[in-house]
Amino acid sequence: MNKTLHQNTTSLKEASKKKRLINFIIDTTIWFLLLNFLGYLAREYSSLEYVFMALMWALMFGAYSITTEYFLGKTPGKYFTRTRVVFKQNVEPEFRLILIRTWSRALPFEFLSLALGADAKAWHDTLSKTMVVDDH
């Protein structure tokens, strides 16, 4: 069930690419640190290091993104830059949209989609029909 957010829809302002980049750097750093910790555990306790790391990469990426964006409402990067994800007319995204948003980030070269021009949209936003906006 969608829940409309409190902010007036006419005052929605899409987050700048600079804020999106900061979100990416913060969230990728946190995710990388978590993944390195799991890699350390894999090296210490498993002979299937590469298989374990590939599986952990996918699971950690999904768990981090889904947990923070759906259950907490924002990633740590979005808290820092005071941004949030919305669907359509300022409605919180449903769980399935967060899943689409999360897994579409795994598309090859998706991270470059915002660099395709001044008005370019990230593929994970386009495919999930969401957008990142300033959160006042």
Side-chain angles (χ1 to χ4, degrees):
M1 176 188 256
N2 289 341
K3 183 172 111 181
T4 303
L5 300 170
H6 298 290
Q7 188 177 9
N8 185 348
T9 58
T10 58
S11 66
L12 283 180
K13 180 179 177 245
E14 194 164 2
S16 68
K17 288 192 179 193
K18 180 180 177 181
K19 285 184 178 181
R20 303 281 311 256
L21 178 62
I22 293 169
N23 290 346
F24 176 77
I25 291 168
I26 291 170
D27 294 332
T28 301
T29 300
I30 292 170
W31 174 75
F32 184 74
L33 291 171
L34 291 170
L35 191 61
N36 275 326
F37 175 71
L38 290 175
Y40 167 77
L41 293 178
R43 286 187 299 278
E44 293 295 318
Y45 301 107
S46 175
S47 62
L48 301 173
E49 181 178 338
Y50 296 108
V51 172
F52 182 78
M53 285 302 295
L55 180 60
M56 285 297 102
W57 179 91
L59 292 175
M60 183 58 65
F61 178 75
Y64 176 79
S65 296
I66 292 166
T67 300
T68 58
E69 285 196 335
Y70 185 74
F71 294 107
L72 302 177
K74 297 180 176 189
T75 63
K78 288 181 184 71
Y79 276 105
F80 181 79
T81 61
R82 295 185 177 138
T83 58
R84 63 186 165 87
V85 175
V86 295
F87 169 68
K88 289 187 180 179
Q89 298 284 325
N90 203 21
V91 173
E92 287 182 353
E94 296 175 354
F95 186 74
R96 69 177 180 82
L97 296 176
I98 296 298
L99 287 177
I100 292 168
R101 183 177 169 78
T102 298
W103 294 115
S104 62
R105 285 184 172 119
L107 292 171
F109 306 109
E110 196 281 336
F111 64 95
L112 295 175
S113 60
L114 279 171
L116 297 175
D119 60 346
K121 303 285 185 208
W123 294 342
H124 64 270
D125 291 333
T126 303
L127 294 170
S128 65
K129 299 177 183 155
T130 60
M131 64 187 283
V132 177
V133 298
D134 288 331
D135 191 13
H136 302 286

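Computed from a predicted model, the values in this text were never measured in an experiment. The figures here come from the full heavy-atom set of this structure, side chains too, leaving out hydrogens, waters and symmetry mates. Numbers here simply count residues along the sequence, with the first being 1.
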Inset, instruction - Just say parallel, tilted or perpendicular for the rings of Phe71 and Phe95, cut-offs at 30° and 60°. - result: tilted
Which atoms form the tightest heavy-atom contact between [X] and [Y], and what is the distance?
X      : Y      : result
Ala63  : Thr67  : O-OG1, 2.6 Å
Ile30  : Pro76  : CD1-CB, 3.6 Å
Arg105 : Phe61  : CB-CZ, 3.5 Å
Ala15  : Thr83  : CB-CG2, 3.7 Å
Ser104 : Leu127 : CB-CD1, 3.6 Å

Legend entry - Residues that Trp123 engages under ring-ring contact (aromatic ring centres under 6.0 Å, His included), provided they are two or more places apart: none
Inset, instruction - Check whether any side-chain heavy atom of Glu69 lies under 4.5 Å from a side-chain heavy atom of Thr75, and answer yes or no. - result: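 Touching, per the 4.5 Å side-chain cut-off.
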Inset, instruction - Decide yes or no for Asp27 and Tyr64: does some side-chain heavy atom of the first lie under 4.5 Å from some side-chain heavy atom of the second? - result: yes
Are [Y] and [X] connected into the same hydrophobic cluster when the rule is that any two of I, L, V, M, F, W, Y join if their side-chain heavy atoms are below 4.5 Å apart?
X     : Y     : result
Leu99 : Tyr70 : yes
Phe37 : Ile26 : yes
Phe80 : Leu33 : no

Inset, instruction - Decide, yes or no, whether a salt bridge links Lys78 with Asp135 under the criterion of side-chain N to carboxylate O below 4.0 Å. - result: no
Legend entry - Residue pair Met131, Val86: steps toward the side chain to side chain contact (heavy atoms under 4.5 Å, CB included) verdict: CA-CA 6 Å; Met131 64 187 283; Val86 295; 3.6 Å; yes
Inset, instruction - Kindly write out the residues that satisfy salt bridge (Lys or Arg N to Asp or Glu O under 4.0 Å) with Asp125, not counting sequence neighbours, or none if the list is empty. - result: Arg20, Arg101
Give, for atom [atom1] of [X] and atom [atom2] of [Y], the distance between the pair rounded to the nearest 0.5 Å.
X      : Y     : atom1 : atom2 : value
Glu92  : Ile98 : CD    : CD1   : 9.5 Å
Met60  : Trp31 : CE    : CH2   : 9.5 Å
Thr102 : Ile66 : OG1   : CD1   : 4.5 Å
Glu14  : Lys19 : CD    : NZ    : 12.0 Å

